[in-house]
Every structure is written in C-alpha cells, then in structure tokens.
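Just below is one structure, and these are the notes that go with it.
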Amino acid sequence: MNNKDLYETLGVSSSASDEDIKKAYRKLAMKYHPDRNPDNKEAEEKFKEIQKAYDILSDSQKRATYDQFGSAAFENGGAGTGGFGGFGGGFGGAQGFDFGDIFSQMFGGAAGGGARQPNYQGQDLQYQVEISLEEAASGIRKQITIPTYEECDVCHGSGAKPGSQATTCSTCRGSGTVHVRQAIFQIQQTCPKCHGSGKEIKDPCNKCHGEGRVKTSKTVEVNIPAGIDDGQRIRLTGEGEPGMRGAPSGDLYIHVSVREHKVFHRDPNAPTDLHCELPISFAIAALGGEVEVPTLDGKVKLNVPEGTQNGKRLRVKGKGMKSVRSSLVGDLYCHVVVETPVNLTERQKELLREFENISTPDNVQTPKRKGFMDKLKEMFD
C-alpha cells in the first residue's frame, strides 16, 4: 500500500501537524458517523477507514512506523500492533484527542452519556416571492400558500391503524438507542428500526402510513418591508415544517426577487438611489427650461439649467428608495440624453443652417468642441 494512503484518507499531507490531523479527523468523523448516516453502508465503511487512519497517524510511534514501512507494518499483527486487528487497544492511538468534543457535537453530550434523543424538529422551508420595484419601494403584505403537515385524523397522531397500537421496539427494547462498536470504541446511536421512538408499529395507519401526520398546506401572511432589495430574504421563525412528537417547527425563508423596471434601476453600491435616463431636446439643453420627469409615485417638475450637456446628471432629492433599516430615503438621478432631431421639415433645416452660419467661437460656446480643437492645434502647431 502507498505510504500516503492514510494521509489521503484524512485529506491531509504527509507533513501535516498533529493538530491538523486532529482537526481533519474530527471534521470527517462528524460527516460520516453512522448515527448521522443511518442505513448507509458506504458511510459506515468510510467512517471505519477514517478511524483506522487516525488511530495510526495520531500516535507518533505508529506514524513513524507507517511512514517507514507503510500499512503492511500494521497488517496481520505486524510491527506496532496490538488488539483490534492490528490497532492499539483502548484509546492509546488517540492521545491528546478529546473524544468528548466530538460526542458533545454529535449527540449533545459526552461519550458514554445518556441515550441520544432523536431530533424531530421540522425542516426549514424556502419560498420565492417576486415583487415590482414599486412594491419594494412602498412595502407590501402578501399571502402565500406553503406545504405543511397536520395530525392524521384517522389515527390521531399515533401512526397505528385504529384498533391497534404501537408496541415496544424489538431491536432497542424501548430505549430508542442501540450500542454499536466502531473500531476502538463503543457508541450509542439511534435505533435504525424505530428511529429513536422506542415504539414499533406493526399495523400502520392506512392514511399516514405510520407517520402520524399527513401533508397539507397553509396560508401565511408575510410583511415585505419598504426598501427591500433583490436577493434579500425574510425569515419567519417557526413557520416551516412542523416537528414530530412535540418537537419545534422549522423556519420559513422568503427569498425576494424584484422585477426589472422599464424606467428605473437601483445603484448596487447605494441601493436607496434610483437612476433613469432623461431625454431632452437640443433647444431645452441649450436654452434651459422645465421638464416633467417620472418618479415611483408620480411625475415632478425638474429645472434643466441653460447649456446642459449630454450625460449631465440631475438630482431629484428624496425620490429614491427608502432604506430597509432606517427612515432615510434616497434620491433619483436623471442622466441627461440630448437627442438629435430627425425627420426635419425644410423650414427646420433652414433655421438650423442659419443658426450654424451665424455661430462663431465668439458668440456660441461649445466647450467640448473648443477643447477638442485646442488639442488638435497643439498637436500640429
């Protein structure tokens, strides 16, 4: 066997420190522990491989032997073996590792403690809601229908067919747990037959098939606050899937999607500000004037200064979005687009030609054109 096989099993390099090996083992042991993967033979075998790798690599003497001779030194009673088919007896191969840490995380208590209580807490639910930008600006209350469970009205939650009842589990004898030997130690895990209830239903209810609950749906009202942005979510505690046997319900997560608006878009760096294009005529841009601009709650008048250039940004204060965390309201920024007229009449063309003919650098200021001409002059003079 390759000298790096045990290191690869734990996902570490051959130069990994003792602490790195301990952390890798703890992470993988929690992931593949049979109690977290009931009836999963592949996970059980993986857990055994991880346990064996850690037993050797966590012991400095065994690790040195492994690095020199490989796994052959630990097979069939080879060098450095003893008990458990070639692995040190007791917990000698796990020096410096606190098994209580991993047991407390897995089972809610230390190794060898009381029986593990099954977790029947309800699942969290996800729901997608799409709203308009106007609804995001003002806030809205929406009613949504979500799947859920309710107590079976035939067996009234017992899971057994009417006239029958659950009996004591023949595998765990009612304790809800069984003892399983994993490599070098023995642990308690949830009974795979009764799933921790201690009861066995031999004649299950025809409606709920022994679960004691049936699928249904419920209507929930959710308050979507003003100022919410696309991609944000709302958590409703306890509105998820109900738990079993008195366990708490899960949570409901509302994922909000804001539809793209035809006119406005939000600034990703300042989500309370709105932006839009404002097309104006050449005459308004040159002479200035008052124009109507749209907002989310109606039109307002905006003064365009004389000589406004294409691309200039004009602000309409307080016409943006409300902050979802405060009462502050952003602004609306109108980006000026000076339009070139098309389909001109002969009279309009005549007036424009006349304007062009009487325009000189002395009586008509064109800042960008003047700057461009000055640069050309510098280049060729």
Interatomic distance, C169 atom SG to I201 atom CD1 [nearest 0.5 angstrom]: 11.0 Å
Please evaluate residues T171 and C191 with respect to the criterion side chain to side chain contact (heavy atoms under 4.5 Å, CB included), reporting the C-alpha separation (whole Å), side-chain torsions for both, the decisive distance (0.1 Å), and the verdict. CA-CA 7 Å; T171 299; C191 175; 3.9 Å; yes
Would you name the heavy atoms of T216 and Y149 that are closest together and state the gap between them? CG2-C, 3.9 Å
According to a 4.5 Å side-chain heavy-atom criterion applied to Ile, Leu, Val, Met, Phe, Trp and Tyr, with indirect links allowed, do Y333 and V291 form part of one hydrophobic cluster? no
Heavy-atom closest contact (K322 atom, A226 atom, distance): CD-CB, 3.9 Å
Judged by atom type as modelled, is there a donor-acceptor pair below 3.5 Å linking the side chain of N37 to the main-chain atoms of N40? no
Between the CD1 atom in I144 and the OG atom in S217, the distance rounded to the nearest 0.5 Å is 11.5 Å
ring-ring contact (aromatic ring centres under 6.0 Å, His included) against H255, all qualifying residues, sequence neighbours excluded: none
Assess whether atom NZ of K218 is packed by more than 12 heavy atoms of other residues, nucleotides or ligands within 6.0 Å. yes
Side chains of C334 and C276: does their closest heavy-atom pair fall under 4.5 Å? yes
Would you say the side-chain atoms of D331 pair up with the backbone N or O of K317, donor to acceptor, closer than 3.5 Å? no
Does atom CZ of R259 have more than 12 heavy-atom neighbours from other groups under 6.0 Å away? yes
Contact between S257 and D230 at the side-chain level, heavy atoms closer than 4.5 Å - yes or no? yes
Within a strict 4.5 Å, meaning less than it, do heavy atoms of the E241 and L252 side chains meet? no
When Ile, Leu, Val, Met, Phe, Trp and Tyr are grouped by side-chain heavy atoms lying under 4.5 Å apart, directly or through other members, which residues fall in the same group as L344? L352
Taking the side chain as every heavy atom from C-beta outward, state whether T340 and V342 have any atom pair closer than 4.5 Å. no
Just by modelled atom types, is the R235 backbone N or O under 3.5 Å from a matching donor or acceptor in the D251 side chain? no
Stepwise, does the side chain to side chain contact (heavy atoms under 4.5 Å, CB included) test hold for T177 with T190? CA-CA 4 Å; T177 61; T190 302; 5.5 Å; no
Return the CG to NZ distance between L57 and K62, rounded to the nearest 0.5 Å. 10.5 Å
Looking at every heavy atom in both L28 and T9, which two are closest together, and how far apart are they? CD1-O, 3.6 Å
To check you understand the geometry: which heavy-atom pair defines the closest contact between Q165 and A160, and what is its length? CA-CB, 4.0 Å
Under 4.0 Å between a Lys/Arg side-chain N and an Asp/Glu carboxylate O for E221 and K142? no
Pairwise side-chain contact, E339 with I280, heavy-atom cut-off 4.5 Å (strictly under): no
For R141 and N223, indicate whether the former's side chain and the latter's backbone hold a donor-acceptor pair under 3.5 Å. no
Exam field: side chain E239 to backbone L236, donor-acceptor pair closer than 3.5 Å: no
Going by atom types alone, do R63 and Y7 pair a side-chain donor with an acceptor below 3.5 Å? yes
Rounded to the nearest 0.5 Å, how far does NZ of K319 lie from CG of L296? 9.5 Å
Give the minimum heavy-atom separation between D39 and P192, together with the two atoms involved. OD1-CB, 3.9 Å
Counting heavy atoms not belonging to K207, are there more than 12 under 6.0 Å from its NZ? yes
Between S175 (side chain only) and C172 (backbone N and O only), is there a donor and an acceptor less than 3.5 Å apart? yes
Check the hydrophobic clustering (I, L, V, M, F, W, Y; side-chain heavy atoms under 4.5 Å; chains of links allowed) and say if I234 and L125 are grouped together. yes
Hydrophobic clusters here meaning ILVMFWY residues chained together by side-chain heavy-atom distances under 4.5 Å, can you tell me if L278 and V263 are in one? yes
Hydrophobic cluster membership, Y253 vs I146, 4.5 Å side-chain cutoff: no
Between K31 and K46, does a side chain to side chain contact (heavy atoms under 4.5 Å, CB included) hold up when you go through it step by step? CA-CA 10 Å; K31 179 179 179 181; K46 182 69 174 176; over 6 Å; no
Scan side-chain atoms only and decide if S170 and E200 contain a donor-acceptor pair under the 3.5 Å cut-off. yes
Transitively linked via ILVMFWY side-chain contacts under 4.5 Å: I284 with V316? yes
Assess the residue pair D229 and R266 against the criterion (salt bridge (Lys or Arg N to Asp or Glu O under 4.0 Å)); give the C-alpha distance rounded to whole Å, side-chain angles, the decisive distance to 0.1 Å, and a yes or no. CA-CA 9 Å; D229 203 355; R266 296 173 84 166; 3.3 Å; yes
Below 4.5 Å, heavy atoms only, C-beta onward: do P305 and L314 meet side chain to side chain? yes
Determine whether K52 and E49 make a side-chain contact, defined as any pair of heavy atoms from C-beta on separated by less than 4.5 Å. no
Taking everything shown except Q128 itself, do over 12 heavy atoms lie less than 6.0 Å from its CD? yes
What distance do E290 atom CD and N303 atom CG have between them, rounded to the nearest 0.5 Å? 6.5 Å
Under the 3.5 angstrom rule, does the side chain of S58 hit a backbone N or O of Y54 as a donor-acceptor pair? yes
State, without any angle test, whether E42 and Y32 hold a side-chain donor-acceptor pair at a distance under 3.5 Å. no
Could you tell me whether a side-chain N or O of N357 sits under 3.5 Å from a main-chain N or O of R353, the two making a donor and an acceptor? yes
The reported gap from CE in M321 to CG in L332 (rounded to nearest 0.5 angstrom) is 12.0 Å
Looking only at non-hydrogen atoms, find the nearest pair between P225 and V324 and report the distance. CG-CG2, 3.8 Å
Let's go through Q232 and V258 carefully: what are the C-alpha distance in whole Å and the side-chain angles of both, what is the deciding distance for side chain to side chain contact (heavy atoms under 4.5 Å, CB included) to 0.1 Å, and is it a yes or a no? CA-CA 10 Å; Q232 291 184 326; V258 181; over 6 Å; no
Close side-chain approach of K23 to K27, heavy-atom, < 4.5 Å: no
